[in-house]
Amino acid sequence: MMRTIHPGDAAYDTERDGFQQAGRHRPELIVAATGAADVREAVAYAADRELPIAVQATGHGLVSTAESGVLVSTRAMRGVRVDAQARTAWLEAGVRWQEVIEAAARHGLAPLSGSSPHVGAVGYILGGGLGLLARQYGYAADHVRAVEVVTADARPHRLTPDDELFGALLGGGGNFGVVTGLEIGLLPVTRLYGGGLHFPASADVLRAWRDWTETVPDELTSAIALIPLPDLPTVAEPLRGRHVAHVRIAYTGDAASGERLVAPLRQAGPILLDTLGELPYTESGAISNDPPFAHAYTGASAMLGDLDVDTAFALAGPGAPVPVVLQVRHLGGALAKPSAAVIGHRDARYALHVVSGLDGQDPASVRAAHRHLTKALNSSGAFPNFHYGPATAEQVRSAYDPDTYRRLTRLKAAHDPANLFRFGFAIPPTPGI
Ligand SMILES: Cc1cc2nc3c(=O)[nH]c(=O)nc-3n(C[C@H](O)[C@H](O)[C@H](O)COP(=O)(O)OP(=O)(O)OC[C@H]3O[C@@H](n4cnc5c(N)ncnc54)[C@H](O)[C@@H]3O)c2cc1C
């Protein structure tokens with residue numbers, strides 16, 4: 001029997017809780033789903049009553065909160081099934097990357113996971129999925145083989161690349177239904193040369209990294225983050241209380257070639273901490289060392305043709321109008337190759353995002369500062385996964401090329417005319433809205 005939780009029940013707060021603490025869904029009913037049958041029943045219940053439906057696995061990517069309706073919580077759907085021969089894995093809706101990484105590693109394989117192993121694999125893939133090996137292999141969404149989804153009419157579908165809705169889900173997020181599971185391709189990667197170089201934050205380091213990205217092969221994917229670190233014992237001693245530039249590197253070649261490739265970057269400034277070396281893919285979360293603890297944050301993204309270092313440093317460095325963590329990822333390589341997924345801006349050279357903690361900050365002025373920054377950097381559009389918190393219609397539209405966006409609104413009108421799935425990076429059922 002489907003497990004349901006109502007306001008006032010002891011489990012209500014824990015089941016709706018997630019990584020993002022800036023808001024929480026407040027549904028009239030939570031369905032703690034354990035499988036596809038529960039999801040179908042939950043969607044049928046909501047559709048019969050025209051109730052909106054939110055979906056949550058981990059809460060890392062909460063966009064807007066449901067103040068009524070039904071929340072489908074997938075956190076208990078944690079199955080991973082690896083087919084080593086076919087180099088694929090079947091992922092249930094609530095599985096986190098670390099669980100997939102470990103299951104795949106037992107067969108000498110790896111998924112296209114991202115910086116944080118705690119993120120939900122399915123939510124990440126539906127938003128595109130820009131991972132550690134992205135320049136070599138492309139977006140995680142490019143490697144999906146099949147998707148099982150329950151649409152707003154409560155019908156289950158198994159979709160493959162020939163189905164129009166298949167590509168729309170991959171980059172189109174949770175707009176078209178509840179995905180109960182999907183099949184991904186795995187790659188023969190067991191180890192990396194990677195880790196981080198930490199410098200004192202400066203425009204010169206940002207510039208040196210940008211120029212260096214022009215010289216590296218597709219087997220090397222990197223990012224840079226400018227981070228104001230607190231003066232706390234949990235922060236490595238050389239970085240404590242400093243504004244640092246953290247270059248993150250993942251390279252699938254051997255360590256000696258990795259050292260050679262990175263050598264010019266070491267001249268970018270004084271190195272405060274160097275964690276580069278060989279590591280098993282199972283420890284790839286150490287490269288970015290993203291915060292594992294829940295907190296309140298908001299953020300915006302910008303796909304860029306070029307990186308204007310001085311503007312980025314002025315608006316997102318130590319002198320920024322609001323405190324931000326800036327992150328820029330190097331794109332190109334396999335990311336530029338089209339697939340069925342509806343990911344926009346394949347020709348962008350960098351994906352930038354800014355994230356600000358919301359403790360003691362006014363969310364509206366933080367979001368205005370983020371919008372100002374992405375505009376000043378000539379953003380060609382947003383990347384769905386790197387948008388945190390409420391999104392304007394323009395931000396959503398900007399993630400896709402115009403024809404794709406029109407197609408997505410048409411598909412939305414056909415598959416979810418009552419707009420039951422409206423709490424993610426929301427595509428409306430009419431293009432004008
Ligand atoms: C610390 C951190 C690191 C990150 N690193 C990366 C990275 O390296 N690369 C990258 O591309 N992204 C990254 N992200 C972004 C992340 O991929 C998105 O926030 C993603 O939406 C998280 O999915 P989730 O299931 O964990 O989160 P949730 O908040 O549970 O889900 C987010 C949204 O996804 C949709 N969704 C989730 N599951 C389903 C489902 N089964 N069916 C339909 N819709 C569903 C819903 O719209 C939901 O609101 C990172 C985020 C954080 C906070």
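Counting starts at 1 for both ligands and their atoms, following the listed order.
With ring centers used as reference points, Tyr124 lies 6.0 Å or more from His60.
Residues passing the side chain to side chain donor-acceptor pair (under 3.5 Å) test with Glu283: none are found, sequence neighbours excluded.
Side-chain contact between Phe199 and Val247 is present, with at least one heavy-atom pair separated by less than 4.5 Å. Contact check for Ser73 versus Val31: no side-chain heavy atoms found under the 4.5 Å cut-off.
Relative orientation of the Tyr251 and Tyr193 rings is perpendicular, given thresholds of 30° and 60° on the angle between their planes.
Using a 4.0 Å cut-off between a side-chain N of Lys or Arg and a carboxylate O of Asp or Glu, Asp142 and Lys337 do not qualify as a salt bridge.
Within 4.0 Å of ligand 1, the residues that place a heavy atom are Phe19, Val55, Gln56, Ala57, Thr58, Gly59, His60, Gly61, Leu62, Ala93, Gly114, Ser115, Ser116, Val119, Gly120, Val122, Gly123, Tyr124, Leu126, Gly129, Leu130, Gly174, Gly177, Val178, Val179, Asp290, Tyr297, Arg329, Phe383, Asn385, Phe386, Tyr388, Gly424, listed by chain and number.
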